[in-house]
2 protein chains.
Amino acid sequence: MPKLGMEPIRKEALVKATIVEIGRVGSLDVTVSQIAKRAGMSSALAHHYFGSKEEMFLAAMRHILTLYGAEVRGALVAAEGPEGRIRAILRASFSPTNFRREAVGAWLNFWVLSQSVPEAKRLLAVYQRRLRSNLVAAIRPLAGDRAGAIAESLGAMIDGLYLREVLKSGAPDGAAAAELALRHLEAELARGA
Amino acid sequence: MPKLGMEPIRKEALVKATIVEIGRVGSLDVTVSQIAKRAGMSSALAHHYFGSKEEMFLAAMRHILTLYGAEVRGALVAAEGPEGRIRAILRASFSPTNFRREAVGAWLNFWVLSQSVPEAKRLLAVYQRRLRSNLVAAIRPLAGDRAGAIAESLGAMIDGLYLREVLKSGAPDGAAAAELALRHLEAELARGA
DNA sequence: AAGTTTATTGACTCGTCAATCAACAAAAAA
DNA sequence: TTTTTTGTTGATTGACGAGTCAATAAACTT
């Protein structure tokens with residue numbers, strides 16, 4: 001009994017299921033059937049809406065990136081002053097939404113995907129550029145010319161913390177990670193002053 | 001015309017070929033045939049010596065880890081004083097041997113592997129513990145109680161720099177990466193003083 | 001010389017999985 | 001009401017790839 005207008009609903013369900021399954025399995029070795037099953041439909045339907053598995057992965061990636069971008073923007077509008085803006089970015093980066101197991105596991109696998117799928121690489125590059133420019137903008141008033149270098153290292157730090165989150169076992173602790181990133185930043189700033 | 005004592009030779013060739021192929025393809029989606037071909041033998045022989053693809057991956061991982069460990073130890077014996085010891089560890093971490101494309105690409109994929117293969121996780125944990133304890137030992141004389149926290153963040157920084165190396169395109173630049181890590185460390189140390 | 005161990009591969013099995021297709025159902029348009 | 005569009009799936013195809021096996025050969029042992 002087909003209701004109309006299912007496309008967006010199905011697609012969203014598939015995207016979420018993709019992320020969950022990648023997180024669960026811990027790699028991109030996930031079958032379309034697994035994903036479709038978790039999303040409550042047949043694998044044929046998944047192909048119907050996305051055409052290929054790769055498209056599914058890319059859609060999932062865009063979803064994570066969009067989520068992250070939205071959260072950063074949201075935190076940024078409510079932020080006061082340069083210090084506040086940086087804190088906002090870090091808070092968003094390590095928020096429960098973005099720093100949850102599934103999402104972080106998905107990140108790791110998207111990094112891998114970007115090695116062989118150009119579009120994935122592109123998406124990742126876009127995100128990195130945006131993060132960098134946000135950081136530089138926030139840091140410049142505090143550190144002038146050194147903003148670029150500091151943003152670079154803070155970016156690496158953030159990625160590193162994501163990575164370690166994946167590797168470690170146990171519940172995620174965004175607060176602790178954000179703490180570390182902030183300490184790093186403060187140390188860098190203090191050094192220049 | 002079978003010469004005897006081929007086992008170690010074949011195994012080494014396979015391990016190296018595994019790393020190269022993983023780096024080339026950019027993922028663990030590498031067939032035993034590809035690896036065997038690059039190593040100059042049939043896939044049947046690869047199975048003969050390693051039993052399974054997973055064993056091949058683990059052997060490759062051990063190889064990379066051993067290489068890294070040896071380089072750190074080597075740099076460490078020639079190091080003078082705490083500062084020198086830290087520099088030694090960083091120099092080894094970002095040396096041309098360890099920071100080359102193939103090796104870094106392999107790392108990324110080993111991180112993924114550790115998500116689903118317990119032995120891979122174990123190996124990675126061993127490496128992380130060793131790195132941490134080396135760092136703490138070198139940092140303690142300079143920062144006392146804060147050594148643990150600093151080692152933690154420096155470790156994350158190193159991993160993050162590896163990750164970024166994979167993502168970026170272009171030739172690897174270990175010197176620049178080591179520079180960033182060192183700046184981070186100095187900033188942290190200065191903060192405490 | 002006969003027997004054993006090591007090296008080596010081509011051919012094969014068996015399973016898995018992405019992608020396609022034919023078919024059916026219901027809503028919307030004509 | 002016929003036709004078209006949208007939703008849906010079970011069954012099938014076709015490829016690919018891990019792991020096994022039988023067979024062959026050279027060395028080493030007794």
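Bear in mind the structure is a predicted one, so any value in this text is a computation, not a measurement. Chain A is the first sequence line, chain B the second, and so forth, proteins listed ahead of strands; every chain is numbered from 1.
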Does a nitrogen or oxygen in the side chain of B/Y49 sit under 4.0 Å from OP1 or OP2 of C/dT6?
no
Any B/R10 side-chain nitrogen or oxygen under 4.0 Å from OP1 or OP2 of C/dT6:
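It does not, given that no N or O in the side chain of B/R10 lies less than 4.0 Å from OP1 or OP2 of C/dT6.
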Please tabulate, one pair per line, each protein N/O and nucleotide N/O from nucleotides 2-5 of chain D that are separated by under 3.5 Å, including the distance.
none

Please list, one pair per line, the donor and acceptor atoms closer than 3.5 Å that link side chains of residues 124-133 of chain B to other protein atoms, with sequence neighbours excluded.
from   : atom 1 : to     : atom 2 : distance (Å)
B/R132 : NE     : B/E152 : OE1    : 2.7
B/R132 : NH2    : B/E152 : OE1    : 3.0

Name the one of A/D159, A/L161, A/L163 that satisfies side-chain contact (heavy atoms from CB on, under 4.5 Å) with B/D159?
A/L163
Can you check the [X] [atom1] to [N] [atom2] distance for me, whole Å?
X: A/E54; N: C/dC17; atom1: CD; atom2: C1'; value: 16 Å
X: A/L4; N: C/dA27; atom1: CG; atom2: P; value: 8 Å
X: A/I9; N: D/dT6; atom1: CD1; atom2: C1'; value: 13 Å
X: A/K11; N: D/dT8; atom1: NZ; atom2: P; value: 14 Å
X: B/K53; N: C/dT16; atom1: NZ; atom2: C1'; value: 13 Å

Where along residues 55-62 of chain B does a heavy atom come under 4.0 Å from DNA chain C, residue by residue in number order?
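Output list: empty, so none.
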Under 4.0 Å from any atom of DNA chain C, heavy atoms only: list the residues of residues 16-24 of chain B that qualify, in numerical order.
none
Side-chain donor-acceptor pairs under 3.5 Å in residues 71-94 of chain A, sequence neighbours left out?
from  : atom 1 : to    : atom 2 : distance (Å)
A/E71 : OE2    : A/S95 : OG     : 2.6
A/S93 : OG     : A/Y68 : OH     : 2.7
A/S93 : OG     : A/I89 : O      : 2.9

Remember a base hit wins even if backbone is also touched, and classify A/F50 as base, sugar-phosphate or nothing at under 4.0 Å, heavy atoms.
nothing
Less than 4.0 angstrom from a charged side-chain N to a carboxylate O is my criterion; do B/E119 and B/R62 meet it?
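Answer for the salt bridge query: yes.
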Where at least one partner belongs to residues 40-64 of chain B, residue pairs that pass ring-ring contact (aromatic ring centres under 6.0 Å, His included), sequence neighbours excluded:
none
Got a sec, which pairs hit side chain to side chain donor-acceptor pair (under 3.5 Å) with one end in residues 33-46 of chain A, sequence neighbours left out?
A/E21-A/R38
Write out all pairs satisfying side chain to side chain donor-acceptor pair (under 3.5 Å) with one or both partners inside residues 103-113 of chain A, taking only residues at least two apart or from two chains.
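As it turns out, there is no side chain to side chain donor-acceptor pair (under 3.5 Å) pair with a partner in residues 103-113 of chain A once direct neighbours are skipped.
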Identify, with sequence neighbours excluded, every residue that meets side-chain hydrogen bond (donor to acceptor under 3.5 Å, both in side chains) alongside B/E12.
B/K16
State whether the side chain of B/R146 and the backbone N or O of B/E188 hold a donor-acceptor pair below 3.5 Å, judged by distance alone.
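Judged by distance alone, yes, a pair lies under 3.5 Å.
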A/R122 side chain vs A/S114 backbone, donor-acceptor pair below 3.5 Å
no
Using the test salt bridge (charged side-chain N to carboxylate O under 4.0 Å, His left out), find all partners of A/E54 that sit at least two apart in sequence or belong to another chain.
none
Using a heavy-atom distance cut-off of less than 4.0 Å, which residues of residues 28-48 of chain A contact DNA chain D?
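Going residue by residue through residues 28-48 of chain A, the ones with a heavy atom under 4.0 Å of DNA chain D turn out to be A/M41, A/S42, A/A44, A/L45, A/H48.
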Only distances under 3.5 Å count here; give the side-chain donor-acceptor pairs of residues 165-183 of chain B to other protein atoms, sequence neighbours excluded, each with its distance to 0.1 Å.
from   : atom 1 : to     : atom 2 : distance (Å)
B/K168 : NZ     : B/A171 : O      : 3.3
B/D173 : OD1    : B/A175 : N      : 3.3
B/D173 : OD1    : B/A176 : N      : 3.2

I'd like to check A/H184 versus B/M157 (side-chain heavy atoms, cut-off strictly below 4.5 Å). Are they in contact?
yes
